[in-house]
Each structure stands twice: as C-alpha cells, then as structure tokens.
2 protein chains.
Amino acid sequence: MDISNLSKDLPPIISNTMADVVELKLREYLKRKSFKPGDALPKELELAEALGVSRNVLREALSRLRMLGMIETRKKRGMVLARPDILGTFERVLDPLIIDNSTLQDIFELRLVLEMGIADLLYIRKTPKDILELETIAKKEINHDHSFRIKNEIAFHGKLYEMSGNDTLKRFQIMLMPIFDYVVTLEQKPTRGLVSHLDLVEILKSGSVDDFKKGMQAHLQPHFNRLK
Amino acid sequence: MDISNLSKDLPPIISNTMADVVELKLREYLKRKSFKPGDALPKELELAEALGVSRNVLREALSRLRMLGMIETRKKRGMVLARPDILGTFERVLDPLIIDNSTLQDIFELRLVLEMGIADLLYIRKTPKDILELETIAKKEINHDHSFRIKNEIAFHGKLYEMSGNDTLKRFQIMLMPIFDYVVTLEQKPTRGLVSHLDLVEILKSGSVDDFKKGMQAHLQPHFNRLK
DNA sequence: TTATTTTATTTGTACTACATAATAGGGCAT
DNA sequence: ATGCCCTATTATGTAGTACAAATAAAATAA
C-alpha cells in the first residue's frame with residue numbers, strides 16, 4: 001500500500017471560513033452576471049445582507065479581490081470591476097525563500113524552457129534596430145567584474161524577451177530571474193557555455209532559426225547539464 | 001510627444017488603505033524575521049496593537065495572505081507561516097473573460113513558446129513507457145468527432161508536459177489551456193498542422209532532439225501563422 | 001499512568017459607531 | 001440659462017466591543 005501520497009488521498013479538512021465562502025460566491029456572482037470592467041457593483045451592505053454575513057466578513061473577501069486587482073473601490077462611488085494584473089498577482093508569492101526546493105527546481109527548468117522556446121517568436125519579430133541594441137549589450141560584458149556580468153546577463157536575456165514583442169513574457173521572465181539566480185548560486189558552479197552572447201547576436205544577424213536554437217542550446221548547456 | 005503610455009507615466013493616485021499598508025508591513029516583517037514554514041506567528045491582537053490598527057484592518061490583510069497560502073490559522077493555536085501554492089494563486093485571476101485581449105494574445109504566444117521549448121527537457125527525461133502511453137493517446141484520436149479531438153489534444157500535450165518531469169510546468173500548461181482554446185476558437189480557424197501527433201510520437205521514438213523541435217514547429221505551424 | 005473533564009486562549013463572526021471622501025444637487029451670481 | 005460654489009448625502013474606511021467556537025493545555029478522576 002502506497003502511503004507516500006497520503007496528503008493527496010486525504011486532503012486536510014479545511015475549515016472553510018465565511019470569508020473563503022464569500023470570496024467564492026462573489027467570484028461566481030461576477031462571472032454569472034458577466035460584469036465587464038468598469039461596471040458598478042452593489043454596495044457592501046447590500047452584498048453582505050444578500051449573502052447573510054456581516055459586513056466584516058464581506059470586507060475580508062472584498063479585500064482579497066481588491067488585492068488581486070479584480071475590483072476597485074472608491075468612496076461614495078462604490079465598487080467597480082477591474083482587470084487584474086495577472087503577473088502582479090503572481091509576483092506576490094514568488095519569493096525564493098518561501099518556495100520549496102522542488103518547485104524552485106521546476107521554475108529553474110521553466111526558464112530554460114522559455115529561453116529555448118522563444119526562438120521562433122524572435123525570428124518573427126526581430127528588427128535590425130533590436131539586434132544592434134542587443135549587440136551593444138553583449139559587447140559591454142567583456143572585461144568586467146563578476147557582479148557586472150550578472151547584471152549584463154540579465155540585460156541581454158531581458159532584451160531577447162523584449163524583442164519577442166510579448167510584454168507578458170518579458171515581465172514573466174523578469175520575475176523568474178531572481179529564482180533562476182538563486183538556484184544557480186546555490187550550486188556554486190560558475191561554468192560558462194560554449195556559445196557566448198556575441199555568438200548569439202551573430203547568429204541572429206545572419207543565421208537561421210534552427211541555428212539560433214542550436215546556439216541557445218549550447219549557450220545554456222551548463223544549466224542543462226545540471227539536470228539528470 | 002508620446003501620450004499613449006499616459007497611464008504608465010502617470011499612475012493613478014492609489015489611496016492606499018490601511019489594509020494595503022498592513023499587508024505590506026506584514027510581508028516585510030515575515031521576510032525580515034526570516035520565518036520558516038511552520039513557525040508560529042504572533043497573535044492577531046499583538047500584531048494589531050504593534051501596527052497601531054484595529055483588529056478589523058489587520059484581519060483584512062491577514063485574509064489576503066491566507067488566500068495566497070502564505071499563512072495558515074487555527075483557533076487557539078494561532079497562525080503559522082506556510083508555503084504558498086504559487087500556481088493556485090495564479091489561477092485565481094486567469095479567466096479569459098476578464099483578461100484584456102492584448103494579454104490574451106501574449107498568453108497564447110506563451111504557450112507556443114512552452115511547447116517549442118520543452119523538447120530538450122523531454123529528451124532528457126522521456127522513458128519508453130511514457131512514449132507508449134503517448135502513442136496510445138495519439139492513436140485514439142483517429143475517427144472521432146470534434147469535441148473528442150479537443151479533449152484528446154489536451155491529453156496529448158498534457159502527457160508531453162508530464163513526461164518533462166516538471167510538475168509546475170504541467171500545472172502551468174493546464175491553466176493556460178483554456179485561454180489558448182479561447183483564443184483559437186475566437187479566430188475560428190480549424191486548421192491542422194502538417195505533422196500529426198502520431199508523427200511526433202514516431203520522432204520521439206527514433207528521432208533526434210532537433211528532429212522533434214522541427215516536428216513540433218510544423219505541428220504548431222497553423223498557430224504561428226496567426227502571428228504577424 | 002491513562003482517560004476524561006475543565007479551563008484558558010485564540011481565532012471567527014456580528015454589530016455599532018463614526019470618520020472620510022466624493023458625488024449629486026441646490027442655490028446663487030452673472 | 002449658464003456656470004460656479006457650497007452643502008447634504010451616501011458609500012467606503014476604520015475602530016471598538018461582544019460573544020461564539022474550537023482546541024491546546026491543565027486539572028481531575030479512574
């Protein structure tokens with residue numbers, strides 16, 4: 001009998017507080033009524049009364065939705081539905097010190113996957129101006145100390161994501177970077193890939209998509225080597 | 001003068017409520033004291049008094065952290081620091097109906113990037129057993145109606161992520177799937193790639209990583225074609 | 001020592017009261 | 001009639017009290 005997955009087979013009894021329930025009910029309500037951003041919502045007292053809870057509990061639930069950016073409230077005007085910033089939400093819990101090692105490793109790999117997968121997007125959207133800027137960044141990293149190179153590493157890969165023309169992707173990568181660094185420094189292996197940033201720039205200039213994919217793979221090889 | 005980014009240059013004056021401030025203070029406090037999961041936290045009244053706010057406001061802030069899974073509370077026992085489920089948090093705001101079109105498009109592309117970038121991980125971790133299961137899934141999709149094929153499509157790509165041995169990645173992909181579908185059905189183009197699922201399986205069996213990358217690219221070609 | 005009951009404590013919920021801010025509407029001057 | 005200012009209204013923000021519920025810890029009984 002496998003009891004290793006006990007916590008999954010027997011999920012802990014979560015004493016749903018009223019705030020939890022109300023949060024869920026509100027979500028359902030917003031979805032069911034298909035409110036659109038900007039639409040006015042009922043006032044707190046009405047909601048509290050309708051749900052049969054104290055204004056206190058209702059406000060705890062509203063506070064959550066407000067944190068997520070799903071609603072905005074102003075005095076007198078009431079509450080309106082808003083567009084949550086999906087990444088801002090994510091960022092709140094993305095702290096290397098809190099995340100368990102297994103997830104840290106997963107995120108480390110996730111960034112590798114992103115780096116490897118970005119090539120096609122890059123080749124669809126890259127412009128000569130972009131490549132020039134990227135080259136400038138890559139050239140700066142020669143003859144500098146360690147801490148500068150780390151900053152430059154971030155700048156280079158950040159520019160790559162920027163060139164992908166995908167804002168969400170770029171922000172996502174920026175958020176993942178600290179975790180990536182954290183894992184890398186944990187392992188204390190200052191290895192370097194066989195393909196440098198300048199090499200990658202050169203490929204971008206005159207190479208094919210497949211060339212770039214191979215180049216990026218070689219560039220990240222030290223990281224891939226960590227994975228068994 | 002560029003005024004398109006006005007909302008970024010002039011961020012709206014956010015009337016920080018006490019709950020907002022307290023939430024931040026608590027985050028800083030938890031970080032500064034470097035609490036570890038399982039550690040007991042001060043009780044509500046102590047925190048409220050220390051911060052100089054009512055227990056009400058404090059609880060609104062705590063409610064947020066509780067939602068994110070950063071803390072857990074039990075009666076009498078008090079509160080303890082917990083490990084947030086980073087993806088569970090994300091999921092709360094990932095609703096196609098709320099997200100703006102630009103971000104939807106970004107996420108659509110994000111999934112393409114993931115699919116393209118997963119190859120290396122896949123080739124590091126794939127097992128014959130996995131490939132067999134994948135083949136079973138791929139074979140099922142022949143001669144079935146549309147709705148079944150969609151489910152199967154999800155199963156196939158889901159299995160791929162599972163084979164990557166990265167739980168976070170798999171869950172992430174599952175969360176992204178509805179948005180992907182949403183964007184695809186929006187555009188009403190039931191096109192199919194030149195490389196089928198079974199072709200991909202065949203490559204996995206006897207082809208190289210690069211072969212697989214090319215195959216996946218061809219498989220997703222219809223989607224890439226949408227991007228200009 | 002072990003089992004049971006009691007106690008003490010901490011979170012959960014409700015209710016009241018008032019502060020604050022922003023809108024809406026009326027009144028006034030032009 | 002138009003525009004401005006001021007006031008009244010109203011919804012959210014904050015504080016405080018009270019009590020219910022749950023449970024760990026202490027006290028008591030077997």
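No experiment lies behind these values; they were computed from the predicted model shown. Labels below follow one simple rule: chain letters A, B, ... track the order of the sequence lines, proteins then strands, and each chain is numbered from 1.
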Judged by atom type as modelled, is there a donor-acceptor pair below 3.5 Å linking the side chain of [X] to the main-chain atoms of [Y]?
X: Arg27(B); Y: Arg92(A); answer: yes
X: Asp106(B); Y: Asn166(A); answer: no
X: Arg66(A); Y: Ile71(A); answer: no

Checklist entry - Sequence neighbours excluded, which residues qualify as side-chain contact (heavy atoms from CB on, under 4.5 Å) partners of Ile98(B)? => result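 side-chain contact (heavy atoms from CB on, under 4.5 Å) check on Ile98(B) returns Met70(A), Pro84(A), Asp95(B).
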
Item to check | side-chain hydrogen bond (donor to acceptor under 3.5 Å, both in side chains) evaluation trace for Thr17(A) with Asp20(A) | outcome: CA-CA 5 Å; Thr17(A) 71; Asp20(A) 292 326; 3.2 Å; yes

Heteroatom pairs (N/O) under 3.5 angstrom, protein to nucleotides 13-17 of chain D:
unit_1  : atom_1 : unit_2   : atom_2 : d
dG13(D) : OP1    : Thr73(A) : OG1    : 3.0
dG13(D) : OP2    : Arg59(A) : NH1    : 2.6
dG13(D) : OP2    : Arg59(A) : NH2    : 3.3
dG13(D) : N7     : Arg55(A) : NH2    : 2.8
dT14(D) : OP1    : Met18(B) : N      : 2.6
dA15(D) : OP2    : Ser54(B) : N      : 2.9
dA15(D) : OP2    : Ser54(B) : OG     : 3.3
dG16(D) : O6     : Asn56(B) : ND2    : 3.2

Checklist entry - Does anything in residues 24-39 of chain B reach DNA chain D, meaning a heavy atom under 4.0 Å, and if so which residues? => result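 Listed by number, there are none.
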
Next on the checklist: Counting neighbours of CD on Glu133(B) that are heavy atoms of other residues, nucleotides or ligands and sit closer than 6.0 Å, is the number greater than 12?
Outcome noted: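 For Glu133(B), atom CD is crowded (more than 12 foreign heavy atoms under 6.0 Å).
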
Checklist entry - Within a reach of under 6.0 Å around CE of Met18(A), are more than 12 heavy atoms found that belong to other residues, nucleotides or ligands? => result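 Not buried by this count: 12 neighbours or fewer within 6.0 Å.
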
Checklist entry - With Phe180(A), which of Leu112(A), Leu104(A), Ile107(A) fulfils side chain to side chain contact (heavy atoms under 4.5 Å, CB included)? => result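 Filter result, single survivor: Leu112(A).
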
What nitrogen or oxygen pairs link the protein and nucleotides 8-10 of chain D at under 3.5 Å?
unit_1  : atom_1 : unit_2   : atom_2 : d
dT10(D) : O4'    : Lys76(A) : NZ     : 3.0

Item to check | Distance-only side-chain donor-acceptor flag, Glu60(B) / Asn56(B), under 3.5 Å | outcome: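 No, no side-chain donor-acceptor contact under 3.5 Å.
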
Item to check | Non-neighbouring partners of Ser34(A) that pass side-chain hydrogen bond (donor to acceptor under 3.5 Å, both in side chains), sequence neighbours left out | outcome: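 Residues passing side-chain hydrogen bond (donor to acceptor under 3.5 Å, both in side chains) with Ser34(A): none at all.
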
Checklist entry - With a distance cut-off below 6.0 Å to the six-membered ring centre and an angular limit of 45° from the axis, does Lys25(A) pair with Tyr29(A) as a cation-pi contact? => result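 The answer is no, since Lys25(A) fails at least one limit relative to Tyr29(A).
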
Checklist entry - Going by an N to O cut-off under 4.0 Å, is there a salt bridge joining Lys159(B) and Glu162(B)? => result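 Salt bridge flag = yes for Glu162(B) with Lys159(B).
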
Item to check | Contact nearer the 5' end of DNA chain C, comparing Leu45(B) with Arg77(A) | outcome: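 Nearest-nucleotide comparison on DNA chain C picks Leu45(B).
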
Checklist entry - Which nucleotide of DNA chain C is the first, and which the last, in the 5' to 3' direction, to come under 4.0 Å of a heavy atom belonging to chain B? => result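 First-to-last contact on DNA chain C, by the 4.0 Å heavy-atom rule, is dA8(C) to dT13(C).
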
